[in-house]
Amino acid sequence: MKPQLHSLLGIEQLTTAQIESILALARRMDPSRPSQLLRGKRVALLFYESSTRTRTSFEFAAKTLGAATTLVTPVSSSIEKGESLIDTGWTVANLGADAIVMRHANSGAAYLLARYVRVPIVNAGDGMHQHPSQALLDALTITTHKKRLNGLRVVIVGDVYHSRVARSNAELLSRFDADIVFCGPPDFVPEISASLAPGVTACHDLNIALQGADVVMALRVQKERLAGKHLSVEDYIANYQVTPQRMMLAKPDAVLMHPGPVIRGMELTSEVADGPQSCIHEQVRNGVKTRMAILAMLLRAAR
Ligand code: NCD
């Protein structure tokens with residue numbers, strides 16, 4: 001089936017065939033070889049929240065395909081004068097944007113804008129809800145090493161509750177019958193989170209969760225969020241930090257992933273982040289390829 005996506009808002013809107021098509025296209029993308037595939041197109045990067053990897057990779061992806069980009073952030077735009085999201089979206093579209101890549105602190109923001117603006121919207125992260133391009137680049141990284149997604153045991157450890165990365169990954173991986181384990185303190189991994197998608201279970205003991213893991217995905221853990229739940233940094237580190245010793249509980253060929261930004265010494269140690277099982281740099285590189293595929297698919301389909 002040829003995918004005919006208008007916008008990329010969340011993993012739930014994609015068929016399994018569409019996920020496979022995006023991954024196949026991403027594998028063929030070469031960020032070191034600029035092309036003119038999207039010549040004449042304009043991509044607006046509307047970022048209400050800070051970002052390094054996601055924003056830069058969308059920008060490089062668009063430019064590598066020959067599109068022009070512009071960055072709109074609250075500072076130094078009319079957003080700081082109080083303009084609404086929808087009015088800003090309309091303005092950017094009327095200025096000539098052919099697609100809007102958008103990050104916002106509110107869950108559902110990209111879905112809202114997509115209802116009002118005709119141009120394709122790419123959700124680059126909406127609150128605690130979805131981050132579909134991250135899940136796609138993570139799937140690309142996993143398949144490079146494991147050659148499949150089906151049946152893998154993927155342990156996602158950290159502040160799962162607040163993580164749009166965890167949500168999008170779980171939804172994507174569950175399509176492929178992966179065994180997904182959310183792991184962290186009960187406040188960060190409520191039992192209810194296991195009902196998110198088929199194949200997801202919750203576990204509060206990392207030493208048990210890691211046994212037989214093919215993929216260990218650590219998430220950023222913010223000190224303020226620990227404090228808000230009366231959890232101490234020391235307890236978090238003692239129970240949930242990914243260390244070389246804990247990595248030995250996973251399969252010998254397990255890979256270690258992290259969407260970034262990595263807080264070294266908190267969710268994982270530097271030995272693990274920089275160790276032989278770490279795919280963190282590869283995830284970043286795959287971000288450009290994956291976002292090239294997403295933009296190519298949306299903008300060519302929109303023609
Ligand atoms: C994540 C995000 O912003 O959702 N980072 C990313 O996009 N690579 C994860 C995070 O900030 O914790």
Side-chain angles (χ1 to χ4, degrees), residues 8-11 26 45-62 71 73-74 101-111 121-142 154-173 182-185 187-189 193 196 215-229 233 236 240-242 255-268 273 278-292 294-295:
L8 177 61
L9 301 174
I11 294 297
L45 306 164
L46 180 53
F47 275 67
Y48 287 80
E49 260 193 357
S50 54
S51 170
T52 305
R53 280 151 286 268
T54 306
R55 196 185 86 190
T56 309
S57 58
F58 268 115
E59 182 167 353
F60 283 175
L71 174 66
T73 62
V101 177
M102 180 187 152
R103 171 170 284 193
H104 199 286
N106 291 349
S107 301
Y111 295 69
I121 305 291
V122 184
N123 183 2
D126 62 325
M128 292 159 51
H129 185 225
Q130 283 282 320
H131 195 349
S133 63
Q134 180 70 42
L136 287 160
L137 77 87
D138 288 339
L140 179 64
T141 309
I142 295 171
V154 182
V155 177
I156 303 181
V157 54
D159 184 0
V160 175
Y161 178 73
H162 292 102
S163 177
R164 51 198 176 203
V165 176
R167 236 170 291 284
S168 287
N169 262 292
E171 283 182 18
L172 189 155
L173 293 165
F182 283 166
C183 186
D187 281 313
F188 283 177
V189 183
S193 64
L196 175 74
V215 177
V216 182
M217 191 180 290
L219 302 172
R220 183 164 64 107
V221 172
Q222 295 173 249
K223 281 188 180 152
E224 322 76 80
R225 292 214 162 122
L226 283 171
K229 297 289 180 189
V233 171
Y236 183 85
Y240 298 106
Q241 187 180 67
V242 182
V255 292
L256 180 277
M257 302 173 70
H258 193 302
V262 174
I263 312 299
R264 288 167 184 257
M266 175 67 107
E267 55 260 14
L268 40 65
S278 173
C279 295
I280 297 173
H281 291 196
E282 195 181 328
Q283 284 174 273
V284 176
R285 285 193 295 274
N286 282 338
V288 184
K289 290 161 82 104
T290 305
R291 286 155 180 148
M292 285 169 76
I294 291 166
L295 291 174

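Order of listing sets the numbers, starting from 1, for every ligand and every atom in it. Counting begins at 1 with the first residue of the sequence.
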So which atom in Leu268 and which in Ala273 form the shortest heavy-atom distance, rounded to 0.1 Å? CD1-CB, 3.8 Å
Going by the side chain to side chain donor-acceptor pair (under 3.5 Å) test, name the single residue among His258, Arg220, Gln241 that passes it with Glu267. His258
Judged on heavy-atom distance to atom 4 (O) of ligand 1, which of His258, Glu267, Arg164 sits nearest? Arg164
Minimum distance, heavy atoms only, to atom 7 (O) of ligand 1: which one of Gln134, Arg53, His131 is it? His131
Looking only at non-hydrogen atoms, find the nearest pair between Phe58 and Ala124 and report the distance. CE1-CB, 4.1 Å
Please list the nearest protein heavy atom to atom 12 (O) of ligand 1 with its residue and the distance rounded to 0.1 Å. Arg220 NE, 2.9 Å
Sub-3.5 Å donor-acceptor pair from the side chain of Thr290 to the main-chain atoms of Asn286, do we have one? yes
Proximal atoms of ligand 1 relative to Pro261 (non-hydrogen, under 4.0 Å): 10 (C), 11 (O)
Can a donor-acceptor pair be found, under 3.5 Å and without considering hydrogens, that links the side chain of Ser107 to the backbone of Met128? yes
Sub-4.0 Å heavy-atom contact, Glu49 with ligand 1: no
From atom 5 (N) of ligand 1, work out which of Pro259, Gly260, Ala166 has a heavy atom at the shortest distance. Gly260
Ligand 1 to Val165, heavy atom cutoff 4.0 Å, flagged ligand atoms 1 (C), 4 (O), 9 (C)
Are there over 12 heavy-atom neighbours, none belonging to Tyr236, within less than 6.0 Å of that residue's OH? yes
Thr54: numbered ligand 1 atoms lying under 4.0 Å from its heavy atoms: 6 (C), 7 (O), 8 (N)
